[in-house]
Amino acid sequence: MLAAVLWRFPLVRLKRLDTTAAVASGFDPRAEAARFWSADLEPAFTGAADVRETLARISRDPSEACRAVGRSVGLSRSCLYLVRGRGTIVEVGPAECRVTLDGDPGEAVVLATGLVFGSAVRDITGTIDPASRTDSRDLAELSNEINHLVHRKVIVPLTAAATVGGTIEFVACGQVQGKLPAGRPWKLLPLRALVTSAAPASDATPPVVAPDRAGSDRAAPVSPAAVEGDGA
Amino acid sequence: MNRLICLLCLSPLLTLAAGGCTKPGPAPTAPASVKPKVAVIISTLNNPWFVVLGETAKARAEELGYDATIFNSENDTAKEASHFENVLAGGSQAILFNATDSDGSIANVRKAKAAGVPVFCIDREINATDAAAAQILSDNHGGCVALGQYFIETVGEQGNYVEIMGYLGDNNTHNRSKGFHEVVDNYPGVKMLSQQAADFDRAKALEVMETLLQKHGAAINAVFCGNDAMAMGAYQALAAAGRDDVKLFGFDGADEVVKLVAARKIAATGMQFPKTMARQAAEYADEWIKGKRDFPQKVPVAVEVVTPETVGQYGDYGAKEEERAPTAQ
């Protein structure tokens, strides 16, 4: 009897330190990340700024560039940019690939292909209100889940497809604190990438295409993740 | 800090003394020039970082024309509640508030709101979005993600570390630890030997670090502390044990830790910009008193990693003057 009571109402309850507020509050960060991806992030790709124009703007006047095409969250010296570009892959490393941009082979960016950390993707659209959750730990969980999606939907397929000499079209997120880093290319986190591998013109690999979401036969360029389905 | 505490202790005595000298007669009417009051309630003044937070908030409120007073909650929600009672009875028009407990402090903020007095939270979050007029909060999670990345760069992908956490009732403790682990846990060769709390307190962290050194000895390669006060306690213990090989990481941007980063005695810290947060809270309070009501409920403040390579940009609890200070968006 006593054992049963103690089992039901223990004198001491052990709680893991890493028990998340999200779990406690019923917030489902994985579901919210999936919603964010399709409802907020992908629609924002159409408004991404040209990467070469953005680089030129930041070089001229970082503050003006941030006001014009960037986003600063709260009180911050950093500015986030959503950019798009096209170029040639000139180097593939274990955690990044270097791309020279079309129209200016002297201008390069680096696309990160390693582990994804931080809240840049969560904050890039401006659609997640910091006050949308009473406990900021929920938003940390959300960042983590969004970063998992970036890795699974974009980084993994890009890593598999990237070859030196291939062409790439991308949408990416970049962050600048103050000025651009001197002497090295801007590092971007790819959020969509379309890779066409280098091959002789006669049997060049066509770009990855897939039916659009409405199920029509119209082929639309998609992120490499579409090759393996929705990825979610 | 001692001077501040002494003044706070003496203020009731001075008030009594002044009252004792007043000639009997009709109660004097308040002169027209009496300044409106703003209260600054801080979780603890047993840490230089919080002293800077409180004194900056007070100074900015005074610059804006208010009579500002600092109250020390001594990390005790009961004392904090008592301060709220006194402040509300004393006619303060706004409260600049550094909470003691993310859940336990909500009731105090609600009490002030019910009395029509706005509360502006600084640095520490309360788990409610309908109580404070605004909350100006460090991005603890993002800052510790960046710190975790630097940790891996510095320590490498093989090694053992211990973690000293802050006060477990505060969201900052969990956000910092979580951000750090989100990065470091991806590296199986990096092992956490122990994780203990020292309540953001330097003396407790010194004791915890001494115990951890006895337990794990030479196996410890690195230490991650949830704030700079604890990093200073750990630093003392490591120095006393002659362990200058251990890489130590803090979080706050406290001046003494920034100096030790410059001297390469501490590997890195996260700069939280306490002065920026405190000034913003005082300015929001001024705007409220003048009629503005539409404040963002939560204003995240970016945290920057201070390393031996970047330390030249920082000092005096923020970025140096030549650098652009964080700006409100």
Side-chain angles (χ1 to χ4, degrees), chain A residues 15-25 29 61-63 66-67 70-80 94-95 112 114-123 126 128-148 151 175-179 181, chain B residues 102-103 106 125-131 134-146 148-149 152 163 165 168 171-179 181-183 185-187 195 197 273 276-277 279-280 296-304 310 313 319 323-329:
Chain A
K15 186 178 175 184
R16 286 173 59 93
L17 281 175
D18 60 355
T19 298
T20 64
V23 172
S25 66
D61 184 345
S63 300
C66 190
R67 281 192 298 274
R71 175 179 302 284
S72 190
V73 180
L75 299 174
S76 173
R77 300 199 300 169
S78 289
C79 190
L80 298 172
L115 296 168
V116 184
F117 301 117
S119 55
V121 183
R122 183 198 70 196
D123 293 338
I128 303 290
D129 180 357
S132 61
R133 303 298 307 167
T134 56
D135 187 330
S136 58
R137 287 177 289 177
D138 288 355
L139 294 176
E141 284 290 334
L142 177 58
S143 286
N144 201 21
E145 290 298 334
I146 291 171
N147 292 342
H148 287 321
H151 192 262
Q175 191 162 7
V176 175
Q177 184 180 309
K179 294 175 282 192
Chain B
S102 302
D103 289 315
I106 297 173
E125 180 179 41
I126 57 164
N127 290 332
T129 51
D130 60 351
Q135 302 188 56
I136 301 156
L137 311 167
S138 278
D139 181 4
N140 290 282
H141 175 260
C144 280
V145 165
Q149 290 174 281
I152 293 297
E163 179 181 4
M165 301 176 81
L168 296 179
N171 285 1
N172 290 353
T173 296
H174 297 277
N175 275 331
R176 291 174 194 175
S177 182
K178 181 166 177 50
H181 282 280
E182 262 179 36
V183 178
D185 291 359
N186 286 286
Y187 299 88
Q195 181 186 50
F273 299 101
T276 299
M277 288 191 282
R279 285 194 202 103
Q280 186 70 68
Q297 173 58 215
K298 289 189 183 178
V299 180
V301 181
V303 173
E304 299 176 10
T310 64
Q313 299 175 31
E323 295 290 325
R324 186 167 59 94
T327 51
Q329 299 293 316

Atom [atom1] of [X] and atom [atom2] of [Y]: how far apart are they, to the nearest 0.5 Å?
| X | Y | atom1 | atom2 | result |
| --- | --- | --- | --- | --- |
| A:D135 | B:N175 | CG | CG | 7.0 Å |
| A:D123 | B:D139 | CG | CG | 7.5 Å |
| B:T129 | A:D129 | OG1 | CG | 9.0 Å |

Fill in: B:K298 (side chain) donor-acceptor with A:R133 (main chain) under 3.5 angstrom
yes
Item to complete: Would you check if the side chain of B:E125 reaches a backbone N or O of A:S136 as a donor-acceptor pair within less than 3.5 Å?
Response: yes
Would you name the heavy atoms of [X] and [Y] that are closest together and state the gap between them?
| X | Y | answer |
| --- | --- | --- |
| B:E182 | A:F117 | O-CE2, 3.4 Å |
| B:F273 | A:R77 | CZ-NE, 4.3 Å |
| B:P300 | A:V73 | CG-CG1, 3.7 Å |

Discussion item. I'd like to check the side-chain hydrogen bond (donor to acceptor under 3.5 Å, both in side chains) partners of B:Q297; sequence neighbours left out, ordered by chain and number.
Written reply: B:Q135
Practice prompt. Could you tell me which residues satisfy side-chain hydrogen bond (donor to acceptor under 3.5 Å, both in side chains) with A:S132, sequence neighbours excluded, listed by chain and number?
Written response: none
Worksheet entry | Portion of B:N140 that has a non-hydrogen atom of chain A nearer than 4.5 angstrom | neither
Response to the item:
Turns out that what part of B:I136 lies under 4.5 Å from chain A's heavy atoms comes down to side chain
Fill in: Stepwise side chain to side chain contact (heavy atoms under 4.5 Å, CB included) test for A:R137 and B:K178
CA-CA 9 Å; A:R137 287 177 289 177; B:K178 181 166 177 50; 5.9 Å; no
Worksheet item: Between A:G118, A:A120, A:S143, A:A140, which residue shows the highest count of heavy-atom pairs closer than 4.5 Å to chain B?
Response: A:A140
Item to complete: State which residue, out of B:V183, B:I152, B:N186, fulfils the side chain to side chain contact (heavy atoms under 4.5 Å, CB included) condition with A:L115.
Response: B:N186
